Amino acid sequence: SLAYTGYGSSAIGNAVPLTTSGQDLNKTFETIFPNTPVYTAFLVHITSATATGDFFLHFGSANTQFRSRVFVKSGTEPNTINFGISGSTGTGSYSSNNYTMGTTLLIVTRFLFDGAGNLTTTLYVNPTDLAHEPESEGIAVSEAPTTSNVTTSINSIALRQGTSGYSPKLTVDGLRVATSYDMALGNPTITGSENILVSGNYHAVTVTGEGKTLELNGPATVHGLLTL
């Protein structure tokens with residue numbers, strides 16, 4: 001199990017190792033339609049990566065489209081890695097930031113789509129703020145409509161084990177999907193008019209508004225502060 005201070009799904013038990021067996025797995029969730037952002041957040045521990053790089057995680061839709069792929073490759077310094085992102089293509093746009101291999105890192109992505117082919121996907125690595133989206137820190141890739149990138153919905157998250165020639169070896173843990181940044185990180189601020197907290201793990205929950213009441217729709221664990 002991987003841990004990261006301040007993250008809602010830190011050290012919750014279990015993890016998924018990805019090697020080079022070629023097996024791909026996915027998990028469906030409630031369908032998200034155009035003009036609603038889709039976020040995922042997860043912890044990752046990379047043990048090897050190649051200079052070519054490969055993607056290992058992405059969103060999907062009912063017609064098996066791959067969206068918001070997360071890539072990793074070896075960095076420009078020894079024992080380092082670079083992360084990349086793409087919208088609808090198999091080619092990643094990489095950050096120039098080197099991250100130390102063999103450490104636990106927090107990854108967050110945001111996917112925006114309008115149903116007509118306009119889309120933007122953004123990648124954050126170890127964001128400095130885990131409650132408010134630090135947009136200036138993100139790597140963003142935007143696409144105009146083409147014949148192949150029209151996305152009408154998102155309803156799954158997938159893990160990919162690539163071919164042995166260029167795929168990384170890594171562990172993924174604490175995988176979350178949400179429609180807001182603070183919920184994806186497990187640090188939501190909930191207003192009085194939206195006082196329902198869905199079941200799951202959280203680091204800190206803040207309830208604002210006149211009533212300051214909170215309704216749970218299932219088991220919820222808050223590892224840090226619950227502020228009413």
Side-chain angles (χ1 to χ4, degrees), residues 16 18 20 22-27 29 32 34-44 46 48-76 80-99 105-127 133-163 165-170 172 175-179 181 184:
V16 179
L18 299 182
T20 57
Q23 183 181 20
D24 303 328
L25 301 174
N26 69 84
K27 173 70 174 178
F29 48 80
I32 299 173
N35 302 310
T36 297
V38 192
Y39 290 83
T40 187
F42 58 92
L43 302 178
V44 66
I46 311 287
S48 71
T50 66
T52 301
D54 197 7
F55 68 94
F56 61 91
L57 181 144
H58 62 82
F59 286 126
S61 64
N63 59 355
T64 68
Q65 293 174 323
F66 291 3
R67 298 292 183 261
S68 194
R69 307 184 206 200
V70 180
F71 294 76
V72 66
K73 67 177 182 178
S74 55
T76 57
T80 64
I81 46 178
N82 299 148
F83 288 95
I85 194 78
S86 74
S88 67
T89 72
T91 301
S93 294
Y94 284 87
S95 166
S96 60
N97 294 333
N98 288 319
Y99 297 92
L105 305 169
L106 173 61
I107 307 294
V108 185
T109 73
R110 179 188 66 198
F111 184 63
L112 297 171
F113 63 107
D114 68 355
N118 296 291
L119 54 88
T120 301
T121 187
T122 305
L123 171 73
Y124 302 97
V125 182
N126 288 352
E133 188 166 358
E135 296 206 24
S136 62
E137 299 177 16
I139 309 163
V141 175
S142 296
E143 294 182 17
T146 69
T147 57
S148 61
N149 76 346
V150 174
T151 307
T152 58
S153 66
I154 293 293
N155 73 343
S156 66
I157 186 80
L159 299 175
R160 171 188 171 87
Q161 293 175 293
T163 57
Y166 48 82
S167 64
K169 293 182 180 180
L170 54 90
V172 173
L175 181 62
R176 303 170 68 96
V177 175
T179 56
Y181 180 87

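Since we're looking at a predicted model, the values are computed, not measured.
Phe42 and Phe56 have perpendicular rings, their planes meeting at more than 60° on a 0 to 90° scale where under 30° would count as parallel. Classification of the Phe111-Phe113 ring pair by plane angle, with boundaries at 30° and 60°, yields parallel.
Pro168 has its side chain out of reach of Leu18: every pair of non-hydrogen atoms, C-beta onward, lies at least 4.5 Å apart. With contacts defined as side-chain heavy-atom distances shorter than 4.5 Å, the pair Thr109/Phe59 qualifies. Using a 4.5 Å heavy-atom threshold, the side chains of Val108 and Pro127 count as touching. Looking only at side-chain heavy atoms (C-beta outward), Ser142 and Leu119 stay at 4.5 Å or farther from each other. Between Ile81 and Leu105 there is a side-chain heavy-atom pair separated by less than 4.5 Å.
Listed here is the closest heavy atom pair of Ala184 and Ala178: N-CB, 3.6 Å. In plain terms, the two heavy atoms of Gly92 and Ser86 that are nearest each other are CA-CB, 4.3 Å. Listed here is the closest heavy atom pair of Pro134 and Tyr181: CD-OH, 3.4 Å. Nearest heavy atoms, Thr122 versus Ala140: OG1-CB, 3.8 Å. When all heavy atoms of Lys73 and Gly53 are compared, the pair lying nearest together is CB-CA, 3.6 Å.
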Derivation and outcome, side chain to side chain contact (heavy atoms under 4.5 Å, CB included), residues Ile46 and Tyr99
CA-CA 10 Å; Ile46 311 287; Tyr99 297 92; over 6 Å; no

Would Ile139 and Phe83 satisfy side chain to side chain contact (heavy atoms under 4.5 Å, CB included), going step by step from the backbone distance to the final call?
CA-CA 10 Å; Ile139 309 163; Phe83 288 95; 5.8 Å; no

Side chain to side chain contact (heavy atoms under 4.5 Å, CB included) assessment of Val177 paired with Lys27:
CA-CA 11 Å; Val177 175; Lys27 173 70 174 178; over 6 Å; no

Would Val70 and Phe55 count as a side chain to side chain contact (heavy atoms under 4.5 Å, CB included) here? Give the steps.
CA-CA 5 Å; Val70 180; Phe55 68 94; 5.9 Å; no

side-chain hydrogen bond (donor to acceptor under 3.5 Å, both in side chains) for Asn82 and Asn98? Distances and angles first, verdict last.
CA-CA 5 Å; Asn82 299 148; Asn98 288 319; 2.8 Å; yes

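In this structure, the side chain of Thr151 engages the main chain of Asn149 through a donor-acceptor pair within 3.5 Å. Checked by atom type and distance alone, the side chain of Asn26 never pairs as donor or acceptor with a backbone atom of Leu159 at under 3.5 Å. A donor-acceptor pair under 3.5 Å is absent between the side-chain atoms of Asn155 and the main chain of Phe29, judged by distance alone.
How far CG of Leu170 is from CG of Leu43: 12.5 Å, rounded to the nearest 0.5 Å. One distance of note links OG of Ser156 with NE2 of His58; it measures 7.5 Å at 0.5 Å rounding. One distance of note links CD1 of Ile107 with CG of Leu57; it measures 9.5 Å at 0.5 Å rounding. With values rounded to the nearest 0.5 angstrom, Arg67 atom CZ is found 10.5 Å from Ser153 atom OG. For the atom pair Tyr39 OH and Glu133 CD, the distance stands at 3.5 Å (nearest 0.5 Å). Distance check, rounded to the nearest 0.5 Å: OH of Tyr94 to CG of Leu123 gives 11.0 Å.
Listed by chain and number, the residues in a side-chain contact (heavy atoms from CB on, under 4.5 Å) with Thr50 are Thr52, Tyr166 (sequence neighbours excluded). By the salt bridge (Lys or Arg N to Asp or Glu O under 4.0 Å) test, Glu137 is found to be paired with no residue, residues two or more places apart in sequence or in another chain being considered. Scored by the salt bridge (Lys or Arg N to Asp or Glu O under 4.0 Å) test, Arg69 finds no partners at all (sequence neighbours excluded).
Here the rule is side-chain hydrogen bond (donor to acceptor under 3.5 Å, both in side chains) with Ser68, and of Thr121, Thr40, Thr120 only Thr121 fits it.
Salt-bridge formation is detected for the pair Glu135/Arg110: a Lys NZ or Arg NE/NH1/NH2 atom is positioned less than 4.0 Å from an Asp or Glu carboxylate oxygen.
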